[in-house]
Each structure stands twice: as structure tokens, then as C-alpha cells.
Number of protein chains: 2
Amino acid sequence: MGKSAKSSLELSGTRAVPPEGIAEAVARFEDFLRRRGFKVTRTRLWIAERVLKFPGHFSAADLWGALRDHRVSMATIYQTLELMEQAGLLRRCAFRGIGARYESCLGREHHGHLVCRRCGNIVEFDDGKVEALLVKIAGAHGFRLEETVIQGIGLCAECRRTEGERWVPR
Amino acid sequence: MGKSAKSSLELSGTRAVPPEGIAEAVARFEDFLRRRGFKVTRTRLWIAERVLKFPGHFSAADLWGALRDHRVSMATIYQTLELMEQAGLLRRCAFRGIGARYESCLGREHHGHLVCRRCGNIVEFDDGKVEALLVKIAGAHGFRLEETVIQGIGLCAECRRTEGERWVPR
DNA sequence: CTACATGCAAAGGGTTTGCACGGGG
DNA sequence: CCCCGTGCAAACCCTTTGCATGTAG
């Protein structure tokens, strides 16, 4: 599942971000780096720019592949993804069975994911109300909420029909 | 963080399950195994019983440690955890940074987790309303919802005060 | 008796680290 | 110039797999 689904993580509701949006976000990233005392390197900017161009979810390996002309190492990829996450430009999502996936925060309000456990596809949904509830709950527990993970695991419409053949291919 | 937090995954809202509840659940597991054509082995019953005794979250390694007298292998642990999950007696939870954690479904209605990204502690909260919303959303997308993941990541009350020392210890 | 379950050890995949070189401030 | 950032490869952790033996049905 993991392997074949890797490149088929299609989403509903993804949208490309216009170039000016990307440029602005990269500038924000530079800003973040300087303010934190990190160096602004060409590698980091390559990565940031490429990350922001992904319309949907991507893996570290996807990003590495998309940057192969620049011969960026995985170590650097992961380090920079972490920085971008701290800068608030990126979200990391963990889905069952597959490795971490990332998504740019650009042009994406908070949303949840419906993950099909059979075909691996991910459908995004608007979760304004869900998140509002979470904020209230977190507050009641003295928690400062920084990030929410809202997922529904199950079968997508398509897989519901062809289901029952096997539950896990082992 | 992972290592030192591993044994401090204390929860609010955990509760031990009375023996009769455990016995009944083990019986349900046996039933599940037979109906699916799996064999009812003593190893599987040891594991099931021990799993159901955990009051909170535990890792595969925790379970292995708790069963060391029985010399159960990790391979079997993982296989049986998967079976228990299919039997609906167990939930697997993925939290950022640490490996998978499991929790028995016994005596636990659906709930969400507030995870402190600093100390690793997990606070459970009742998420009846959140889940109801998710069910509606999933339905609207043609999804059959089988499981929900509802997490808030942030700082717990305690860490909010002592925060700002380091954001990541590396 | 037969096929599935088990323990052991070894492999696997994604992520992180150690090291010496290169480049930003 | 000095130190951080980088690529490379090796290490790492958790989880899964292959194989010979054990055991439920």
C-alpha cells in the first residue's frame, strides 16, 4: 500500500499558490531564519521555495526527488523541514502506515483529513467548527493549543463498493 | 524526550478495568479469533489479558517488558496487537516524535488527546461533540468512518510556565 | 497430522547523526 | 576568519519478515 499509494496521495481541495504568495512566504522564512540567528543559505531557500510549490501532501523523499538537480541531502531536507515548521509555513502530518507527510500552510486554513485505510487517498475537509471546539477544550485543561490533528480513518466512497476482498494484503 | 517521557505518559482520566471486564473482553477476543479462523493460543491470551490491564497508553516495548516471564517475541506482540485492533479491543495512536502507542478500548468512550510537545504528557478529553461533527462531515464525503484521531498539540499548563528555555533539546 | 503460530535473528524503511569540507556573516 | 550548514554514509529506532520448530484443531 505504502509504496504504490505514495505517488497517488491526491487530494480534493488542493490548490496551487500564486508565485507572489510563494515569494512572500519565502521572505517570511528568511526573516525567521535571521531573527533566530540561523543562516540564510541558498539550499534552504531552494527547499523552502520547492516546498511551497507542492499543491498537496508530500513526503521527504518526494521533496528530495523534486530537488535532485540541486543534490540536496536528506539530512538537510529534514533539518529544513523542521525549520519551516517552526516558522509556521509547514505542517507535518502523520498518517497510519505511511511515513510522515508534509503540507504547506499557504492558502490552507486549518482542515482535517479523511484517510482511506484501503487505498491511502486523503480527502481534506474544512474543520473550522471542529477546531473551535478543540480550542475551547484545550483552554479548559490549561493547555495552550498550537496545532491540531483531526483525522477520520475509514473507507472512501470508492473503496466502500469494492471492499471485502481482503482486509490486509500482508 | 522520547526515552525519558516513555514511562511518564501519565494520563488524566485513565481508570483500571475490573477483572470481570477484562475476562469478558478476553472472551470476546477468543470469539473473534475463532470466527476468523485464527487459532486460540496461550500466547495470544497472555498478551490480550496483559494489554487489557494497562490503565493508559503503552508501547509495544512496554508490553514486551510486562510479559518478559513468558518470553514472548516482539514479532508475536505486534501480530497480536494487530489482531486485537481488528477485534475492536485496542486502539493504536500515533503521536509526534514517539513511536506508536496503544490503548485498550475497555471502559473508554471515544476521546481525544492533548499532547504536550515539551514534556510528552498526554491528557485525554471527552470528544463526543467533536466526533459527532466528524461523523457528519465524513458522511457528506461518502466516507465510512471507522476511527477518528483527534489531537491537540501544544504546551500543557505546567510547561507553559517554564517554557522558553529551549524549544528543542536536539 | 497438517497448517498455522511462535521465537529468534536478521532485514527493512524512514529518519537522524558524525564527520570533514564548504560557504555565510 | 570563524562557525554554522552541508553532503555523504553510517547509525538508529521501531517494526516486519524468513525460517525452523512448536502446537492448536
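Hydrogens, waters and symmetry mates are skipped; everything else that's a heavy atom, side chains included, is used. Letters go in sequence order (proteins before strands), and every chain restarts at 1.
Remark: B:Glu30 CD is packed, more than 12 non-hydrogen atoms of other residues, nucleotides or ligands lying under 6.0 Å away.
At the phosphate of D:dC14, neither OP1 nor OP2 sits under 4.0 Å from any side-chain N or O atom of B:Ser59. For the OP1/OP2 pair of C:dG7 and a distance below 4.0 Å, the side-chain nitrogens and oxygens of B:Thr76 include at least one atom meeting the criterion. Taking only side-chain nitrogens and oxygens, B:Arg44 comes nearer than 4.0 Å to OP1 or OP2 of C:dT6. Close to D:dA24, at under 4.0 Å from its OP1 or OP2, lies no side-chain N or O of B:Arg34. Side-chain nitrogen and oxygen atoms of B:Arg71 include none within less than 4.0 Å of the OP1 or OP2 phosphate oxygen of C:dG7.
Judged by distance alone, the side chains of A:His57 and A:Glu103 do bring a donor and an acceptor atom under 3.5 Å apart.
With contacts defined as side-chain heavy-atom distances shorter than 4.5 Å, the pair A:Thr43/A:Thr80 does not qualify.
Residue B:Glu82 contributes atom CD, which lies 14 Å from atom C1' of D:dT17 at whole-angstrom precision. A:Met74 has its CE atom 16 Å from the P atom of C:dT17, to the nearest Å.
Taking for each of A:Ser73 and B:Tyr78 the nucleotide of DNA chain D with the nearest heavy atom, the 5'-most of the two is the partner of A:Ser73. Each of B:Arg42 and B:Ala60 lies near DNA chain D, and the nucleotide nearest B:Ala60 is the one positioned closer to the 5' end. The 5' end of DNA chain C is approached more closely, in terms of each residue's nearest nucleotide, by B:Lys39 than by the other of B:Ile77 and B:Lys39.
Rounded to 10 degrees, the angle separating the terminal axes of the helix from C:dC1-D:dG25 to C:dG25-D:dC1 is 40°, with each axis obtained from five end pairs.
In the set D:dA24, C:dC8, D:dG7, C:dC8 carries the atom at the smallest distance from any side-chain atom of B:Ala75.
For the pair A:Arg50 and A:Phe54, the cation sits on the ring face: its NZ or CZ lies under 6.0 Å from the ring centre, inside 45° of the axis.
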